Amino acid sequence: MDENVTTAVLEEWVRTFATLIEQNRDYLTELDAAIGDADHGSNMDRGMKAAVAALDDAALTTAGALFTKVGMTLVSTVGGASGPLFGTFFLRMGASFGDSDTASPRDFAAALRAGLGGVVARGKAEPGDKTMYDALAPAVDALDLALEAQSQLATGLKAARDAAATGRDATTPMLARKGRASYLGERSVGHQDPGATTVALLLEAATESSF
Amino acid sequence: MDENVTTAVLEEWVRTFATLIEQNRDYLTELDAAIGDADHGSNMDRGMKAAVAALDDAALTTAGALFTKVGMTLVSTVGGASGPLFGTFFLRMGASFGDSDTASPRDFAAALRAGLGGVVARGKAEPGDKTMYDALAPAVDALDLALEAQSQLATGLKAARDAAATGRDATTPMLARKGRASYLGERSVGHQDPGATTVALLLEAATESSF
Amino acid sequence: MKKLINDPNDVVAEALLGIEAAHPDLQVDHHNKIIYRSDTPKRGKVGIISGGGSGHEPLHGGFVGLGMLDAACAGEVFTSPVPDQMLAATKLVDGGAGVLHVVKNYTGDVMNFEMSAELASAETGARVLSVVTDDDVAVQDSTWTAGRRGVGVTVLLEKIAGAAAEQGRDLDQVAQIARTVNANGRSMGVALTSCTVPAAGKPTFDLGEDEMELGVGIHGEPGRQRLPLAPAKEIASLLVEPILTDLPFSSGDAVIAFVNGLGGTPLIELYVMYNEVNKILAGRGVRVARSLVGSYITSLDMAGSSITLLKVDDELLSLWDAPVRTPALRWGI
Amino acid sequence: MKKLINDPNDVVAEALLGIEAAHPDLQVDHHNKIIYRSDTPKRGKVGIISGGGSGHEPLHGGFVGLGMLDAACAGEVFTSPVPDQMLAATKLVDGGAGVLHVVKNYTGDVMNFEMSAELASAETGARVLSVVTDDDVAVQDSTWTAGRRGVGVTVLLEKIAGAAAEQGRDLDQVAQIARTVNANGRSMGVALTSCTVPAAGKPTFDLGEDEMELGVGIHGEPGRQRLPLAPAKEIASLLVEPILTDLPFSSGDAVIAFVNGLGGTPLIELYVMYNEVNKILAGRGVRVARSLVGSYITSLDMAGSSITLLKVDDELLSLWDAPVRTPALRWGI
Ligand SMILES: Nc1ncnc2c1ncn2[C@@H]1O[C@H](COP(=O)(O)OP(=O)(O)O)[C@@H](O)[C@H]1O
Ligand SMILES: Nc1ncnc2c1ncn2[C@@H]1O[C@H](COP(=O)(O)OP(=O)(O)O)[C@@H](O)[C@H]1O
Ligand SMILES: [Mg+2]
Ligand SMILES: [Mg+2]
Ligand SMILES: [Mg+2]
Ligand SMILES: [Mg+2]
């Protein structure tokens, strides 16, 4: 578990995430139509397409530069709630890596946790508010736990993916207390949170990449 | 045919007309919906109800005063095209009688023709324009003809009623050249003119009164 | 029928109460259904009145005020007011310099205004002139029709003639300016949906989900053609081209370009339309000297838009720019 | 979907082109989708910017001009603009006296504006204060929701804060006045029909032919209750009562009463509503000091109305009355 993660693999992760978002665009929007304003899929797709285009244009050699670019692009192109939230997530990951040339699995996990911290700082979500937090926090915890247990990064990411999926499913019975869905009150119960669904896709993308 | 027409009979005519309008209100509006703006029935009904109310209030003893009151009330309450047209019709009838105390059948026929003149002066309709004129002009002609042939007024009014009905039916194939229906061009063909239908009711009301 | 109203029969009376309450600087004669300026009559100023069926708000009541109308008569929905109303309004605004009647060309409106003018000169001796607007190019203007309908130009005319009257011009001059405006303005409209008359309770006409009515009138009168719904760019061209050819407008002309909403169409769409109109005019070398974008002459809740172009010279422009203070148009004061 | 548009993706960009063409005294930065005053920045004047998703026109772009906003950022339809836009606008309007951000309380808007403010102070050193409007009493304001939505008060606040800035007050004072306006204003709306987002192509929610959504948001967010369609009188009471109790407003208070159309509702109905609102307020001894009736904060083509009451003192009133010159609000100049 000490092998460093290359920037190329990290970039592969981002690109795979973009592909999954594109494939799930309408599904995400449908989820948002039920308890929000029917734009989460198109928001994320617009942003990730822009991020991929930015990566096509620039040859970024460090993890810090890579995630900063992705984060800035999301912030600049998405708008709504998910722009600042996913943007800040990647920006904080970038900041966590700094301009270091190498990225160990622990560095990666730390960056992920920094990203989570950014989401919380920005959106003030608490556990059970029925947001992306409810998928992301369990995923970050699961990865930390796996690495502490000396697992390979790839193994840890599988655990994180499963935790995110479980967290995503757990949002369904929750009553929304943040974001647009909170206006629905009781009527938000029984619907899966779109942002949490996106987070599950992010972790799934990680397991599909060559970490 | 020299017996004078009493003001009471003339008032009976106006009231009978009001009743027929009330009964045919929706029918007239339906006709207007097809080639106009769906208000002819309610326009005439509003006006004739107001006319009847005015007659209830005032005891009018001359034909001139009676028709002037009816005409003014229509002008003041109907609006649209039919307000000035039917209003002027009755106003001119009233003016034709003047303040004379007696009204012979010929006076009545002359008043009717004066009313027709008012409609033409106001609306500039020509024969075949698909308007109230196309029912009113034949009716006035028929009454004159009957009186010239020494018929009783009641008989002459039956002839006038039949002529008005024929004139009304003849509007159906016509292409409208006046009023709102003219905007329809060719599409006005095949519909019976609402104003002509009202004129036929006016003459029908005469045959149902004790002339 | 989905409307914010009470009894359909009370819509006009209650809207007048609302206008009165919302605009303390205007007066309302509820019996005669007249909205008028508090400072009318102004001695020596030509009075200008207009009126027509209700359902076209802000026309005409929203244009009463300094620099525009002195009074407006409200008829029933889509039904011309009666002569008594115009007569009362004429008396109200007559400051000794005569009164101009601004009349949209519909048989009923023309006849009722005509009767009121006859009554006014008989009863008061007031000098009354009338100008009839007939700018809707969708209607063939011939001896075979009641003539073109009066639509969007009415708004521009009321502003420009109102400014001329405010500046102290005499009745003949004000009427002449009004006629010039009507002669130099052309309009055409499109409906995406029908309006619903409150008393009728159902749409005036049926329009398929993918259809539009080109050349519609502001009472839901049928237009030139029923066509498949098209992009704004095409619709703009279908409206502007007949307008441009009719006058005709030519390269080098300066115009006031007026993109109007019919009541159910939001402003964002009107700006999209204005962009298309502006591009077409630029392509023809027609210079847009001034513009007006908004819902100023409506057809109840009809979705759609009409376009009006008015050819202007410096005089008309300066009258357009003159101060106006009404509920719906205001600038310079 | 029946709209006067071209490609749904181009609606915002094309509407901005239309606004630019129709209002030569405004400037448009098409890259950043910013509408701004030609004379900005004004040395020593506090700059005021706002922005939000498009589809609420004339809000915010129609309120750019003397005495109101210096710049407005247009997001995609119903989607908050991105921080880059607010950052660029902040730089554009900063005349050295700092910049106020007027933000409607939606999670996305709040976060994007927050990020722009962080970037602005980092990049330019400009002092930025934000005021968040949250006047919609239909939403329970609690730790369990994202808080009340910002709706009609935003219009009144932009006018009043704009006047304060124009008069040369400093950033803290302008922000304080803006917060006072928000604290003293309450709103609630009703939808008779859903809006249709161009990109979605179909209505956001389904509403039966005899239903209305009480307490709806300007993005078609669900309201408090779905009720059978009612007469204007009842609807006015269903909207005004919760507003009156919430602040609470009491007898003797002076208010600005604002009856707003949601985009698909014509002016005649707004006046009918205004009449009902006015009667309720008179019955409570609440004095209407000023009123505003029209479609100023819309939800695309939604039929419906919202009511806003703002409690005012002499200072707020004099700021309300101060000259304003924007596409949508203009007086005194
Ligand atoms: N305060 C918050 N903290 C964390 N996540 C949030 C918060 N508010 C909203 N979200 C997430 O954002 C998602 C909605 O994103 P999106 O639809 O793109 O934005 P918007 O709500 O502005 O339309 C929600 O499903 C939720 O997961
Ligand atoms: N110029 C005219 N001369 C004679 N009759 C006319 C003229 N214009 C319209 N009409 C008559 O008026 C009738 C329509 O009346 P109505 O519907 O009450 O008025 P409006 O057309 O103003 O709604 C038509 O059916 C026609 O008979
Ligand atoms: Mg959303
Ligand atoms: Mg009719
Ligand atoms: Mg009519
Ligand atoms: Mg959104």
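A quick note: this is a predicted structure, and the numbers were derived from the prediction, not measured. Protein chains get the first letters and strands the later ones, always in sequence-line order, with residue 1 at the start of each.
Of all heavy-atom pairs between D:Y106 and A:R180, the closest is CD2-NH1, 4.2 Å. Here the shortest heavy-atom pairing between A:R187 and D:G223 reads NH2-O, 3.0 Å. When every heavy atom of A:L184 is checked against every heavy atom of D:P222, the shortest pair comes out as CD2-CG, 3.1 Å.
Your options are A:A81, A:A38, A:P84, and the one with the most heavy-atom pairs under 4.5 Å with chain D is A:P84. For the set A:A181, A:A176, A:S82, A:S182, the entry with the most heavy-atom pairs within less than 4.5 Å of chain D is A:S182. Residue with the most contacts toward chain A among D:E114, D:R149, D:M111: D:M111 (heavy-atom pairs, distance under 4.5 Å).
Around atom NE2 of D:H30, more than 12 heavy atoms belonging to other residues, nucleotides or ligands sit under 6.0 Å away. Heavy atoms from other residues, nucleotides or ligands lying under 6.0 Å from CG of D:D206 number 12 at most. In the displayed structure, A:D99 atom CG is contacted under 6.0 Å by at most 12 heavy atoms of other residues, nucleotides or ligands. Residue D:K2 qualifies as enclosed at atom NZ: its count of foreign heavy atoms under 6.0 Å is above 12. The local environment of CE in D:M1 is crowded, with over 12 non-hydrogen atoms from other residues, nucleotides or ligands closer than 6.0 Å.
The OG1 atom of D:T79 sits 12.0 Å away from atom NE2 of A:H40, with the distance rounded to the nearest 0.5 Å. Taking OG1 of D:T107 as the start and OH of A:Y183 as the end, the distance is 5.5 Å to the nearest 0.5 Å.
Only the side chain of A:N43 comes within less than 4.5 Å of a heavy atom in chain D; its backbone stays farther off. Contact of D:D109 with chain A is not made at all, since no heavy-atom distance falls under 4.5 Å. With a threshold of 4.5 angstrom between heavy atoms, D:N105 approaches chain A through N, CA, C or O but not through any side-chain atom.
Panel note: side chain D:N112, backbone A:G80; a donor-acceptor pair is recorded below 3.5 Å.
Contact annotation: the side chain of A:T88 approaches that of D:M115 to within less than 4.5 Å [non-hydrogen atoms, C-beta and beyond].
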